[in-house]
Amino acid sequence: MIEPSLPADEVSEAAAVFSRIYTAWTWPEVLRALDSVLPGEIAPDVAHRLFHLARAEPRHPAAALADALAPWTIPRPAVPRRIELHEPTSTGSVLDGLPDLYSVEQCAHWLGLTVPELEWFADRGNWLRTAGPPLRHYRIWHRTKRDGVRVIEAPKPRMRETQRRLLHRLVGKIPAHPAARGFVPGSSPAAFAWPHTDRCTVLRIDLRHCFETITLRRVRGVFDRAGYPPRIARLLAELCTTTTPVDALDGVASAHAALLRDRHLPQGAPTSPHLANLVLRSLDRRLDGYARRNDLRYTRYGDDLALSGDTLDVDRTLWMVIRVVSAEGFVVHPDKLRIMHRHQRQRLAGLVVNDRPQVARSEYDTLRALLHNAIREGAASQNRSGHRDFRAHVYGLVAWIGATSPARRQRLLQMAAAVDWES
């Protein structure tokens, strides 16, 4: 009989650390990670029990390790249970800080909808896939890219407002992995790029069709893990996903169109960016663990992944990244893979990171030249692309360039103030 030796609080902490530092579900790697968080004399026995209970990599490694450690765990003292004299209003398993939603009727009331409206917005029967444009919840258009088209699916006003409520009241309260530097409060391209400044080698990887690859099942998994009952998790996932009508897929490559024909995260919905972060949490955890173990740095901004280090083994790291990305159900975009060494321009999210994150000097000089000519010849003479609000467009460029350089921002704002925007 194994004598208990670890307090329950220490077991919880060890399990949490273990879930962050192991990088592969193999005996050597799991044993190495267990040696880091447990007494050495019990680590092999715990590893045997862990693999007996979870032969394949579990979805929740921390919970799996806590279960495996049960024979070594000193239980917490029993606490008298308070008797509830009224009917409970939740399943009791929803994460702290999230609203309790236990029925379709309550969910509809919480979102300010009737039950028929809620089911219509959720498109539970996929009937809007063949409906005419007036009945659809999204306006759809294409933007040309170098390697095809980007399909934008922007929700109409009532759908957008429903999704915004869902984002602010529920989705946005579920934390993303710390390595996610996009679409979270306080994030920015500079926050994504800063950890990779002044590094010998920077590796940038792009995920192909990231939003379209995130299916209804994956989004439902986010709400399942948050503790919602299956029917509510599915309903919430349906509110955040869509199926692209066939008549909106003209000119879209067949492989891309196949993803869009299934329920997926729409590009343009307010809930999509943070839900993508939550779905990618497992990928972030695995790559961040690999980076920490090998003295590297890892961050992600949307579908852009970056790893850097002074001793980065490019072949080994790239092999590991592709393997993890594939295991998580995503695809690396081969044409957007970049290996950037110190003697080259190292660029992430539009920022040069060789010294510190900032917009390339050429972009700054181009905007200065535009403002100089606008001062001399009038703003209209420089609006060669026909922007409807050229002033707003230029001030947007000033904000982008000045975000990482106060000196540049001040200089550009002085020049912009001298332009006659009406001429």
Side-chain angles (χ1 to χ4, degrees), residues 17 19-24 29 32-33 36 175-208 210 273 276-277 279-328 330-364 400-401 403-405 408:
V17 175
S19 69
R20 294 196 298 267
I21 65 174
Y22 87 91
T23 58
E29 174 57 25
R32 180 201 65 79
S36 301
H177 190 278
R181 301 298 172 87
F183 317 119
V184 293
S187 67
S188 67
F192 165 63
W194 261 115
H196 308 288
T197 57
D198 194 27
R199 308 285 276 180
C200 286
T201 307
V202 178
L203 179 63
R204 191 188 79 197
I205 303 101
D206 182 85
L207 302 181
R208 189 165 201 165
C210 180
N277 278 340
V279 170
L280 286 162
R281 185 179 178 89
S282 176
L283 181 144
D284 290 336
R285 175 185 59 78
R286 297 175 70 176
L287 292 183
D288 185 60
Y290 173 81
R292 291 176 183 275
R293 182 185 173 191
N294 291 276
D295 194 26
L296 306 177
R297 297 174 184 175
Y298 166 74
T299 57
R300 178 179 57 80
Y301 191 88
D303 56 6
D304 284 338
L305 285 58
L307 290 106
S308 65
D310 294 331
T311 58
L312 189 148
D313 184 331
V314 173
D315 291 338
R316 179 171 179 265
T317 301
L318 187 56
W319 177 84
M320 175 59 72
V321 170
I322 293 175
R323 181 184 175 201
V324 170
V325 168
S326 178
E328 293 294 331
F330 293 91
V331 177
V332 170
H333 198 313
D335 297 334
K336 295 186 178 180
L337 175 66
R338 295 291 182 271
I339 302 168
M340 299 167 285
H341 300 287
R342 178 167 283 164
H343 66 278
Q344 301 169 309
R345 176 180 287 181
Q346 298 170 330
R347 190 162 182 156
L348 294 173
L351 301 175
V352 178
V353 299
N354 294 70
D355 180 31
R356 60 186 178 87
Q358 61 181 353
V359 176
R361 176 76 192 197
S362 59
E363 295 183 41
Y364 170 62
W400 162 244
I401 294 174
T404 54
S405 175
R408 288 182 175 182

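Residues: numbered from 1 along the sequence shown.
Using modelled atom types, one side-chain atom of Thr197 and one backbone atom of Trp194 make a donor-acceptor pair closer than 3.5 Å.
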Output a table of donor-acceptor pairs, distance under 3.5 Å, between side-chain atoms of residues 345-355 and any protein atom two or more places apart or on a different chain; print 'none' if there are none.
from	atom 1	to	atom 2	distance (Å)
Gln346	NE2	Arg199	O	3.1
Gln346	NE2	Met340	O	3.3
Gln346	NE2	His341	O	3.4
Arg347	NH2	Glu363	OE2	2.3
Asn354	OD1	Gln346	N	2.8
Asn354	ND2	Arg342	O	3.3
Asn354	ND2	Gln344	O	2.6

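In this structure, the side chains of Pro189 and Trp400 come closer than 4.5 Å at one or more pairs of heavy atoms. In this structure the side chain of Glu328 reaches within 4.5 angstrom of the side chain of Arg286, judged on heavy atoms.
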What's the verdict on side-chain contact (heavy atoms from CB on, under 4.5 Å) for Leu287 and Arg300, showing C-alpha distance, side-chain angles and the deciding distance?
CA-CA 10 Å; Leu287 292 183; Arg300 178 179 57 80; over 6 Å; no

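Nearest heavy atom pair, residue Ala176 against residue Asn277, reads CB-CB, 3.9 Å. Smallest separation of non-hydrogen atoms from Asp310 and Cys200: OD1-N, 3.0 Å. Closest non-hydrogen pair, Phe183 versus Gly302, comes out as CE1-CA, 3.6 Å. Nearest approach of Ala360 to Arg408, heavy atoms of both residues: O-NH1, 4.2 Å. In terms of heavy-atom proximity, Pro334 sits nearest to Arg208 at CD-NH1, 4.1 Å. Listed here is the closest heavy atom pair of Thr317 and Leu203: CG2-CD2, 3.9 Å.
Tyr290 contributes atom OH, which lies 16.0 Å from atom CZ of Arg285 (distance to the nearest 0.5 angstrom). We find the CD1-CG distance between Ile205 and Leu307 to be 5.5 Å, quoted to the nearest 0.5 Å. In this structure, CG on Leu318 lies 5.5 Å from CG on Leu337, to the nearest 0.5 angstrom. With rounding to the nearest 0.5 Å, the separation of CG in Asp284 from CZ in Arg181 is 10.5 Å. The CG atom of Asp303 sits 7.0 Å away from atom NZ of Lys336, with the distance rounded to the nearest 0.5 Å. Here the CZ atom belonging to Phe330 is positioned 6.5 Å from the CG atom belonging to Leu207, to the nearest 0.5 angstrom.
A side chain to side chain contact (heavy atoms under 4.5 Å, CB included) with Leu305 is found for exactly one of Leu280, Leu283, Thr299, namely Leu283.
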